Amino acid sequence: MSNAGLSIAEANNFMALEGRLIALVQGAVQHMVPAVHVLTAADLADVKEAVQKTPAVHVIYGGYQVEEDMGTSWRLAHTWFVVAAVRNVATTRSGQAARQDAGALAAHVVGALAGAQVPGAVRPLTLITPPPAGYAAGYLYLPTAFRAETIFRKPQT
């Protein structure tokens, strides 16, 4: 995959991949029961945990690193966190039920994103090491992380 067919402004847009990643995740979870919500950082802003939508997959931009300086263009490695968020109070103390639910949801997401060719990225998405999972009061957040490489080109003046 390349930036062919994209304007410099489109190719340089750091958040352009978000919608494409969301579409892949939505496709992966569309037939799951109960229905899975696919949310962005903006959707989650100011939402208290007790009223958040679950089950859900959160797609969150995690920043970038400059991988190569090519003079007037740069190869960037962007990190995207894709978090399975579930609530299951069947075994609140141990969290086992929530872990099982989150594990199944994360498997669908990883299957859809790992190795996916995303328009705007110059190579397939790569699964990378995520931060640790978090669990409290029946809510489990199981993060996965992906690397997407893009080429940022200096705009012509």
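Everything quoted here is computed from the prediction, not taken from an experiment. Just so you know, these numbers use all the heavy atoms, side chains as well, and skip hydrogens, waters and symmetry mates.
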Student: So which pairs with a foot in residues 16-60 pass ring pair (Phe, Tyr, Trp, His ring centres under 6.0 Å), sequence neighbours left out?
Tutor: none
Student: Hydrophobic clustering (ILVMFWY, side-chain heavy atoms < 4.5 Å, transitive) - are Val82 and Tyr141 grouped together?
Tutor: no
Student: With hydrophobic residues grouped by side-chain heavy-atom distances under 4.5 Å, do Val66 and Ile128 end up in a single group?
Tutor: no
Student: Near His78 NE2, under 6.0 Å, is it more than 12 heavy atoms from other residues, nucleotides or ligands?
Tutor: yes
Student: Atom CG of Asn12 and atom CZ of Arg153: how far apart are they, to the nearest 0.5 Å?
Tutor: 8.0 Å
Student: Between Val110 and Val36, is there a shared hydrophobic cluster once you connect ILVMFWY residues whose side-chain heavy atoms come closer than 4.5 Å?
Tutor: yes
Student: How far does CZ of Arg87 sit from CG of Leu140, to the nearest 0.5 angstrom?
Tutor: 13.0 Å
Student: First locate atom CD of Gln100, then atom CG of Leu105, and finally report the distance between them rounded to the nearest 0.5 Å.
Tutor: 13.0 Å
Student: Check Pro124 against Gln117 and note the closest heavy-atom contact, atom names and distance.
Tutor: CG-NE2, 3.2 Å
Student: Can you give me the closest heavy-atom contact between Val86 and Pro55, atom names plus distance?
Tutor: CG1-CB, 4.2 Å
Student: Would a hydrophobic clustering, with Ile, Leu, Val, Met, Phe, Trp and Tyr connected at side-chain separations under 4.5 Å, put Val59 with Met32?
Tutor: yes
Student: Determine whether Leu39 and Val47 satisfy the following criterion, side chain to side chain contact (heavy atoms under 4.5 Å, CB included), listing intermediate values before the conclusion.
Tutor: CA-CA 12 Å; Leu39 308 169; Val47 174; over 6 Å; no
Student: List the atom of Val118, the atom of Arg20, and the distance in Å for their closest heavy-atom pair.
Tutor: CG1-CB, 3.6 Å
Student: Applying side chain to side chain contact (heavy atoms under 4.5 Å, CB included), run through Leu125 and Leu21 and close with a yes or a no.
Tutor: CA-CA 10 Å; Leu125 296 177; Leu21 296 175; 3.5 Å; yes
Student: Rounded to the nearest 0.5 Å, how far apart are CZ of Arg147 and CG of Leu76?
Tutor: 10.5 Å
Student: To the nearest 0.5 Å, tell me how far Thr54 OG1 sits from Asp101 CG.
Tutor: 9.5 Å
Student: Backbone N or O of Ser7 within a donor-acceptor pair of the Glu10 side chain at under 3.5 Å?
Tutor: yes
Student: Considering non-hydrogen atoms only, spot the tightest contact between Thr40 and Asp43 and give its length.
Tutor: N-OD2, 2.8 Å
Student: Minimum heavy-atom separation for Ala112 to Leu24, with atom names?
Tutor: CB-O, 4.0 Å
Student: Do Leu44 and Val38 belong to the same hydrophobic cluster, where Ile, Leu, Val, Met, Phe, Trp and Tyr are linked whenever their side-chain heavy atoms lie under 4.5 Å apart, directly or via other members?
Tutor: no
Student: If I compare all heavy atoms of Ser73 with all of Ile151, which pair ends up nearest, and what's the gap?
Tutor: CB-CG2, 4.1 Å
Student: Hey, which of Tyr61, Phe146, Tyr64 is the one that makes ring-ring contact (aromatic ring centres under 6.0 Å, His included) with Trp80?
Tutor: Tyr61
Student: Can you tell me how far OG1 of Thr79 sits from CD1 of Ile60, rounded to the nearest 0.5 angstrom?
Tutor: 12.5 Å
